[in-house]
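Fair warning: this is a prediction, and the values are worked out from it, not measured in the lab.
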Amino acid sequence: MTQISPHILDALGTVGPASGTVVQATDVHKWFGRLHVLKGVSLEVARREVVVIIGPSGSGKTTFIRCINHLEKIQQGRIFVNGHLIGYREANGKLVEDREKNIARQRQEIGMVFQRFNLFPHLTALGNVVEAPLRVRHMPEHEARDMGRDLLTRVGLAGKLDAYPAQLSGGQQQRVAIARALAMNPALLLFDEPTSALDPEMIGEVLDVMKALAADGMTMIVVSHEMGFAREAADRVVMVDDGQIIEQGSPDEVFGSPRHERTKAFLSKIV
């Protein structure tokens with residue numbers, strides 16, 4: 001398994017007292033036109049906790065984590081990350097969308113790894129990792145490059161620093177994307193089905209990196225159909241169906257003795 005060294009994780013702010021709430025989502029609703037996608041979702045995630053969200057396609061899983069990063073706007077409810085109201089400010093008891101500058105600052109606390117990597121094709125692997133620390137955090141170039149090299153080494157890509165995305169496999173690109181997310185020193189990592197676009201033989205190399213991060217205390221919310229990863233790495237599994245959380249518990253509880261009939265039916269098809 002790929003290991004993320006303790007000194008790197010400490011520098012990234014992922015090692016520390018297991019206290020506090022990182023994510024607090026309360027009564028979150030989201031509509032796309034007349035389609036009610038999220039129907040009162042409430043979820044708390046503690047520091048160093050790994051939560052894996054499962055459920056059928058179209059159930060609202062990806063929409064929910066995109067709302068956490070304010071990539072989708074909510075119409076009702078509240079989402080806090082590290083105590084900060086995400087995307088909005090309170091005005092006379094109502095939500096008013098915040099200024100883009102403030103939203104951008106909030107997003108610095110949240111790393112997100114997408115299905116399709118979203119790497120800059122004109123930048124090398126190292127260039128992709130250091131771009132945000134240089135431009136957003138104004139980190140000195142030599143520090144950013146040292147950090148970028150270390151992170152790429154930790155995700156098993158020491159020999160690919162100067163490779164462009166087109167020269168990398170899907171699994172390698174996704175590992176670059178994980179290193180890029182870590183480079184911003186996030187309090188929280190969101191993963192949106194990070195292995196769904198990969199060939200089967202490349203899935204394991206990405207999951208190994210994610211397992212190492214989980215073992216070393218990174219706070220993570222993972223939308224995934226990889227039940228093996230959920231069993232091994234999750235502290236909690238959350239089942240979403242039709243825009244609602246219908247069941248949650250430890251992997252043993254959810255996989256071993258699910259309570260909701262919809263959970264039983266879903267798991268019977270994929271486990």
Side-chain angles (χ1 to χ4, degrees), residues 4 9 12-30 37-55 59-72 74 76-88 103 105-114 178 181-182 184-194 207 209-227 229-241 243-255 263:
I4 309 297
L9 281 162
L12 293 171
T14 58
V15 171
S19 62
T21 298
V22 175
V23 178
Q24 183 176 20
T26 305
D27 193 31
V28 173
H29 290 257
K30 170 66 181 176
V37 179
L38 299 178
K39 304 173 181 178
V41 174
S42 296
L43 182 71
E44 288 193 12
V45 179
R47 195 169 311 282
R48 301 173 65 94
E49 188 177 16
V50 178
V51 174
V52 176
I53 300 178
I54 64 172
S59 60
K61 308 183 302 295
T62 289
T63 298
F64 177 59
I65 65 167
R66 286 175 65 86
C67 289
I68 293 174
N69 207 13
H70 200 62
L71 294 175
E72 298 289 353
I74 64 175
Q76 185 177 320
R78 304 287 188 274
I79 298 175
F80 293 85
V81 175
N82 267 0
H84 302 144
L85 181 61
I86 296 298
Y88 299 92
I103 293 171
R105 188 182 303 116
Q106 293 167 348
R107 286 195 180 119
Q108 293 179 30
E109 299 186 55
I110 308 168
M112 187 157 185
V113 180
F114 300 88
I178 293 172
L182 286 170
M184 285 299 288
N185 188 18
L188 169 70
L189 271 185
L190 304 174
F191 291 85
D192 181 16
E193 299 193 23
L207 292 180
V209 171
M210 294 171 62
K211 290 173 187 175
L213 288 170
D216 283 309
M218 188 71 214
T219 307
M220 299 162 58
I221 302 178
V222 183
V223 171
S224 181
H225 291 295
E226 297 293 337
M227 297 300 115
F229 171 81
R231 286 180 181 275
E232 184 174 344
D235 297 300
R236 185 162 33 124
V237 177
V238 174
M239 174 70 184
V240 174
D241 186 52
Q244 297 176 302
I245 294 175
I246 63 171
E247 182 165 355
Q248 58 182 302
S250 70
D252 286 345
E253 291 170 337
V254 174
F255 293 123
T263 308

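Inspection of the Thr62 and Asp192 side chains reveals an N or O donor paired with an N or O acceptor under 3.5 Å. Using modelled atom types, one finds a donor on one side chain and an acceptor on the other under 3.5 Å when comparing His84 with Glu109. Side-chain atoms of Glu72 and Thr63 form no donor-acceptor pair, as typed in the model, at a separation below 3.5 Å.
Within the 4.5 Å cutoff, the side chain of Val223 has heavy atoms near those of the Glu193 side chain. Between Ile245 and Met239 the shortest side-chain heavy-atom distance does not fall below 4.5 Å. When side chains are defined from C-beta on, Leu190 does not count as touching Val113, because their heavy atoms never get closer than 4.5 Å. Between Val222 and Val51, the closest side-chain pair of non-hydrogen atoms is not below 4.5 Å. In this structure, Val238 and Leu43 have side chains that are in contact, with non-hydrogen atoms separated by less than 4.5 Å. By the 4.5 Å heavy-atom criterion applied to side chains, Leu38 and Cys67 are counted as neighbours. In this structure, the side chains of Ile65 and Asn69 stay at 4.5 Å or more apart for every pair of heavy atoms.
The nearest pair of heavy atoms linking Ala230 to Val52 is CB-CG1, 3.8 Å. Residues Val37 and Gly60 share a closest heavy-atom pair of CG1-CA, 4.1 Å. Residue Pro251 comes nearest to Ala234 through the heavy atom pair CG-O, 3.4 Å, listed as atom of the first residue, atom of the second, then distance. Considering all non-hydrogen atoms of both residues, Met218 and Val50 come closest at O-CG2, 3.9 Å. The two residues Ala25 and Ile79 have their closest heavy-atom pair at CB-CG1, 4.2 Å. In terms of heavy-atom proximity, Asn82 sits nearest to Arg47 at OD1-NH2, 3.4 Å.
Thr21 places no side-chain N or O within 3.5 Å of a backbone atom of Val23 that could act as its donor or acceptor partner. The backbone N or O of Phe255 sits nowhere less than 3.5 Å from a side-chain atom of Arg231 that would complete a donor-acceptor pair. Side-chain atoms of Lys61 come within 3.5 Å of backbone N or O of Gly55 as a donor-acceptor pair. Formation of a donor-acceptor pair under 3.5 Å by the Gln24 side chain with backbone atoms of Val45 is not found in this model. Panel note: side chain Glu253, backbone Ser250; a donor-acceptor pair is recorded below 3.5 Å.
Once rounded to the nearest 0.5 Å, the distance linking CZ of Phe64 with CD of Gln244 reads 13.0 Å. Annotation: the span from Ile110 atom CD1 to Leu188 atom CG amounts to 6.0 Å, rounded to 0.5 Å. The CD atom of Gln76 sits 5.0 Å away from the CG atom of Asp27 when rounded to the nearest 0.5 Å. Atom CG of Asp241 and atom NZ of Lys39 lie 9.0 Å apart (nearest 0.5 Å). Note that NZ of Lys211 and CG of Asp216 are 14.5 Å apart. Values are rounded to the nearest 0.5 Å. The CZ atom of Arg66 sits 9.5 Å away from atom NZ of Lys30, with the distance rounded to the nearest 0.5 Å.
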Worked check of side chain to side chain contact (heavy atoms under 4.5 Å, CB included) between Glu49 and Arg236: CA-CA 8 Å; Glu49 188 177 16; Arg236 185 162 33 124; 2.9 Å; yes
Which is it for Phe191 and Ile178 under the side chain to side chain contact (heavy atoms under 4.5 Å, CB included) test, yes or no, and what are the steps along the way? CA-CA 9 Å; Phe191 291 85; Ile178 293 172; 3.9 Å; yes
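Among Ile221, Leu71, Ile68, Leu189, the one residue that satisfies the side-chain contact (heavy atoms from CB on, under 4.5 Å) test with Met112 is Leu71.
Cation-pi geometry between Arg78 and Tyr88 is not met at under 6.0 angstrom from the ring centre and within 45 degrees of the axis.
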